[in-house]
Asker: 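The structure follows.
Bear in mind that the values here come from a model prediction, so they are computed numbers and not experimental data. In the text below, chain A, chain B and the rest are named by the order of the sequence lines, each starting its count at 1.
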Number of protein chains: 2
Amino acid sequence: MELLANLRDSTARRSRAAGKLAACVLRDPEAVLSMTTAALAAEVGVSEPTVNRFCTGLGLKGFPDFKLQLAAELARQQPRVAPDIEAGDSSSQVIAKLFEATRASLDRVQAGLDDGAVEAAVQTLEQSRSISLCGLGASASVALDAQHKLMRFGVPATAYTDVINQRVLTTNIHSGDCLLCISWTGRTRAMAELAELAAAAGAAVIGITAPGSPVAAHCGPVLAVEGGEDTELFTPMTSRLAQLVVIDVLATRWALLRGGDYQAHLARMKQVLADTRYPAGKSGGRS
Amino acid sequence: MELLANLRDSTARRSRAAGKLAACVLRDPEAVLSMTTAALAAEVGVSEPTVNRFCTGLGLKGFPDFKLQLAAELARQQPRVAPDIEAGDSSSQVIAKLFEATRASLDRVQAGLDDGAVEAAVQTLEQSRSISLCGLGASASVALDAQHKLMRFGVPATAYTDVINQRVLTTNIHSGDCLLCISWTGRTRAMAELAELAAAAGAAVIGITAPGSPVAAHCGPVLAVEGGEDTELFTPMTSRLAQLVVIDVLATRWALLRGGDYQAHLARMKQVLADTRYPAGKSGGRS
DNA sequence: TTCAAAAATGTAGTTTAATTACATCTTCTG
DNA sequence: CAGAAGATGTAATTAAACTACATTTTTGAA
């Protein structure tokens, strides 16, 4: 576990040969899997026992063990592919495939998400007087979800899921306000116009949308959520979940930035909610 | 890839020794990773070359290669653990941890989801005259999302996210109607009462909630979404996503059951939505 | 700068694991 | 029941990994 991260760690004290070996493994980890000690030694230009010492030095049993660990770690981080759902699929097949497809879309969105953009978006939120969340269609529920989430963290935000209300909103926001536009395709006319109007009014506009799209064009920080799969029949819905994770990221990062008081806040909120609930029972009832 | 599934496949024609080997590997795959040919041969009671032949017969290079593949596959299916988010985490760390935590919660929910319950829920939906979706708080946006999704598949359903409206609803639904209750904790008073009233009125009640909870007690088919982690500060939000996947599963399975016409329906819907959008551009604009 | 100690690396040899070649046994098929 | 095809085991071979020891390089203190 964390083998590659370990090798990547530049703070680790390493001998010259070990450094070359680490670099070689990082350069092409897959290739190492089909190499013998001798092959890797030759590749790097060191002796065979050095390769062995390198492995034992990592706390492993030897070179074969090293390859085993490496294979496991590579498999774990290899992006998943969304399986096709077919007409005859049973419930259990649909379950397996849909969960797998969801994981695949998480992989894809995570890969495309720029942490600089996240940081910029959080900064923008931080400095805003008010926050408005807008989404239409499937993204409407995402906007509502975001509103709920931010509220939990003690941040007042308002979701607008109605084209008219969204238009009215643009007449009320100005410099110092923030609009968060959620659009899967990034090509919904109403949303692009909304972003444009808000930007023109001087508001900061954050996009959770497809990069390079009309909506993205009018946004400041753009959190890339590449859609791009309406080709498949069932997948669009799985990938939309990734938008929600992106919002989780924003909310969490912000909460961390603001420091310790949110913890007390969350505890207080839990107390308030507890009164609306039955107490936790014996069988599976958790808070 | 699919090595274990391959071994599990009973239709495959296998010799007696190969069968014993497959059984042994399936019994404890992890253990095999630290065995040599000789050790595995002794364990199963066959000769060493037989072990080797077993591996090459699977299309692999030999026993070491077999172990490599096995390690990769085990790593891939091993449930992930949600990493703890810490105060000093950077944006990129928050991204990595939150995506990982989301994958972990998908693993957990998938493991707890019973395909019999899914099938029963789909049957119930199938036979219902009307479908109402209810959720409160964070589950409200899930209900709205479900409404949108079902609508896309041509199934009229109505989401109620307001306690009063939900109460009024119970006076209007009867036998032949279906109520889908979405509750994370399963202990929200209002939701449990709602389920009880609806069930008393003769409606079919499906729960997407914690098994064994007060809400679940009044539901017919219960799609288990074990919450159980308010202990952690940031994780509740990641696990909620799994509810959405469960709804995806329901909607998809149902669409499959209904057969081919949904495809034409989706195509028609895409056409209608296209008019609200800018055409796909060169840079990243996809349908 | 120099010398000694410690660490790192390499060479050669040893051990262990994996594979191959061949013989024997079992199990179908005609 | 005979014969052939396939499966399995034994023994030998090859190849890989590891160990012991010698050599080189680096490091730190005088």
Asker: Using the closest heavy atom to pick a nucleotide of DNA chain C for each, name whichever of B:Pro64 or A:Arg16 lands nearer the 5' end.
Answerer: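 The 5'-side residue here is A:Arg16.
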
Asker: Can you tell if the side chain of A:Lys61 reaches within under 4.5 Å of the side chain of A:Thr56, non-hydrogen atoms only?
Answerer: no

Asker: Can you identify which nucleotide, out of D:dT19, C:dT11, D:dT8, has its nearest atom closest to the B:Ser15 side chain?
Answerer: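 For B:Ser15, the side-chain atoms sit closest to D:dT8.
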
Asker: Measure the distance from NZ on B:Lys20 to C1' on D:dA7 and round it to the nearest whole Å.
Answerer: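 Taking atom C1' of D:dA7 as the reference, NZ of B:Lys20 is at 12 Å.
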
Asker: Tell me whether the side-chain N/O atoms of B:Asn52 come closer than 4.0 Å to OP1 or OP2 in C:dA18.
Answerer: no

Asker: Would you say B:Thr37 places a side-chain N or O within less than 4.0 Å of OP1 or OP2 belonging to C:dA18?
Answerer: yes

Asker: Take the protein atom CZ of B:Phe54 and the nucleotide atom P of C:dT19, then report the distance between them rounded to whole Å.
Answerer: 14 Å

Asker: I'd like to know if B:Asp107 and B:Arg103 make a salt bridge, using a cut-off of under 4.0 Å between side-chain N and carboxylate O.
Answerer: no

Asker: Please work out if B:Val46 contacts a base, only the sugar-phosphate, or nothing of the nucleic acid, heavy-atom cut-off 4.0 Å.
Answerer: sugar-phosphate

Asker: Rounded to whole angstrom units, what separation is found between the CG atom of B:Leu40 and the C1' atom of C:dA18?
Answerer: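 Result: 13 Å.
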
Asker: B:Arg53 near the nucleic acid: base, sugar-phosphate alone, or nothing, with a heavy-atom cut-off under 4.0 Å?
Answerer: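 Touches a base.
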
Asker: Take the protein atom CZ of A:Arg14 and the nucleotide atom C1' of C:dA7, then report the distance between them rounded to whole Å.
Answerer: 17 Å

Asker: With the side chain of A:Glu48 defined as its heavy atoms from C-beta on, choose the nearest nucleotide among C:dT19, D:dG9, D:dA17.
Answerer: D:dA17

Asker: Nearest nucleotide by nearest heavy atom, which residue falls closer to the 5' end of DNA chain C, B:Lys67 or A:Pro49?
Answerer: A:Pro49

Asker: Please state how far atom CG in B:Leu68 lies from atom P in C:dA18, giving the value in whole angstrom units.
Answerer: 12 Å

Asker: Roughly how many Å is it from CG in A:Asp65 to P in C:dA17, rounded to a whole number?
Answerer: 14 Å

Asker: Between A:Asp89 and B:Arg253, does any NZ, NE, NH1 or NH2 come within less than 4.0 Å of an OD or OE carboxylate oxygen?
Answerer: no

Asker: Do we see a donor-acceptor contact under 3.5 Å between the side chains of A:Thr50 and A:Ser47?
Answerer: yes

Asker: Nearest to the side chain of A:Phe63, which nucleotide is it out of C:dT9, D:dA17, C:dA18?
Answerer: D:dA17

Asker: C:dA17 C1' sits how many Å from B:Lys61 NZ, rounded?
Answerer: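 The answer, rounded to whole Å, is 18 Å.
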
Asker: Can we say B:Glu100 and B:Lys97 salt-bridge, meaning some charged N sits less than 4.0 Å from an Asp/Glu carboxylate O?
Answerer: no

